[in-house]
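Shown next, in structure tokens, is the structure this report addresses.
One is the number of the first residue; the rest follow in order along the sequence. In this text, all values refer to a predicted model and were calculated from it rather than measured experimentally.
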Amino acid sequence: MTGLEESGTFTPGSIARLQQCMAVLVRINQEEPRLTTAMLTAWVKAGRPILEEPYVAEVFAEIVDSGVGQGELNPGMSPIGVGNVLRDVYLGALYRWASRSPDTTGTLAEELQQILQLLLDGMTAPKTR
């Protein structure tokens with residue numbers, strides 16, 4: 001069972017599923033922020049972002065593919081391409097969050113949801129805007 005099903009608020013629409021996916025990733029990372037920062041640093045130093053299979057991108061791609069099939073998202077997009085972009089956005093926000101100073105305003109959740117909304121405005125099919 002994934003975090004999406006565990007959240008108890010699973011919604012079948014792809015846009016809501018992408019939002020939920022980001023929220024689950026935030027929850028996982030913010031549960032133990034010091035541990036997340038240490039593990040993220042070690043993961044990057046070991047070269048894992050380059051060597052590891054892009055599992056998160058594949059999850060995003062499945063959601064996007066479903067959204068394209070349901071007419072929610074632009075059919076001209078490559079689901080795996082969008083999945084990779086969403087993974088990149090997630091990792092970039094996570095790197096910034098992990099290296100932030102304690103007095104920094106804004107949260108990981110706010111940044112990810114703002115970026116996701118920006119992308120969705122460009123990905124959403126005209127009839128769902």
- Message: Would you say Ile28 ends up clustered with Met39 if hydrophobic residues are merged whenever their side chains have heavy atoms under 4.5 Å apart, either directly or through other cluster members?
- Response: no

- Message: Show the nearest heavy-atom pair for residues Gln70 and Gly13, with the distance to one decimal.
- Response: OE1-CA, 4.4 Å

- Message: Quick check against the 3.5 Å criterion: does Gln113 have a side-chain atom that pairs as donor or acceptor with the backbone of Gln19?
- Response: yes

- Query: Do Ile80 and Leu18 belong together in a cluster built from hydrophobic side chains that touch within less than 4.5 Å?
  - Reply: no

- CA sep, side-chain torsions, deciding dist, call: Ile15, Leu73, side-chain contact (heavy atoms from CB on, under 4.5 Å): CA-CA 8 Å; Ile15 294 169; Leu73 300 177; 4.2 Å; yes

- So which of Arg27, Gln30, Arg96 actually passes side chain to side chain contact (heavy atoms under 4.5 Å, CB included) with Leu108? Gln30

- Are Leu86 and Tyr95 connected, step by step, through hydrophobic side chains (Ile, Leu, Val, Met, Phe, Trp, Tyr) whose heavy atoms are closer than 4.5 Å? yes

- Task: Kindly give the heavy-atom pair with the smallest separation between Pro49 and Arg87, and that separation in Å.
- Result: O-NH2, 3.5 Å

- Query: Any side-chain heavy atom of Leu40 within less than 4.5 Å of one from Leu94?
  - Reply: yes

- Nearest heavy-atom neighbours spanning Pro79 and Val64: CA-CG1, 3.9 Å

- What do the steps show when you test Phe60 against Val82 for side-chain contact (heavy atoms from CB on, under 4.5 Å), and what is the final call? CA-CA 8 Å; Phe60 288 138; Val82 174; over 6 Å; no

- Item | Any donor-acceptor N/O pair, Asn29 side chain to Leu25 backbone, under 3.5 Å | yes

- Task: Could you tell me which non-hydrogen atom of Val68 sits nearest to which non-hydrogen atom of Pro75, and how far apart they are?
- Result: CG1-CA, 3.7 Å

- Item | Atom CG of Leu35: over 12 foreign heavy atoms under 6.0 Å | yes

- Measure the spacing between CD1 of Ile63 and CD of Gln20 and express it to the nearest 0.5 Å. 8.5 Å

- Message: How close do Leu51 and Ala46 get, counting heavy atoms only, and between which atoms?
- Response: CD1-O, 4.2 Å

- Would you say the side-chain atoms of Glu32 and Thr36 include a donor-acceptor pair closer than 3.5 Å? no

- Message: Under a 3.5 Å distance rule, please check whether Thr37 uses its side chain to pair with a backbone N or O of Pro33 as donor and acceptor.
- Response: yes

- Query: Roughly how far, to the nearest 0.5 Å, is the CD atom of Glu62 from the OG atom of Ser14?
  - Reply: 13.0 Å

- Task: Please assess Ser66 against Arg17 for the test side-chain contact (heavy atoms from CB on, under 4.5 Å), listing each intermediate value before the final yes or no.
- Result: CA-CA 10 Å; Ser66 173; Arg17 288 176 59 206; 3.6 Å; yes

- Calculate, to the nearest 0.5 Å, the distance between atoms CD and CE belonging to Glu111 and Met22 respectively. 10.5 Å

- Query: Are the side chain of Glu110 and the backbone N or O of Thr107 linked by a donor-acceptor pair below 3.5 Å?
  - Reply: yes

- Answer yes or no: is there a side-chain heavy-atom contact under 4.5 Å between Leu116 and Val89? no

- Is there a path from Val26 to Trp43 through hydrophobic residues (I, L, V, M, F, W, Y) whose side chains come within less than 4.5 Å of each other? yes

- Of all heavy-atom pairs linking Glu52 and Tyr55, the shortest is CG-CE1, 4.3 Å

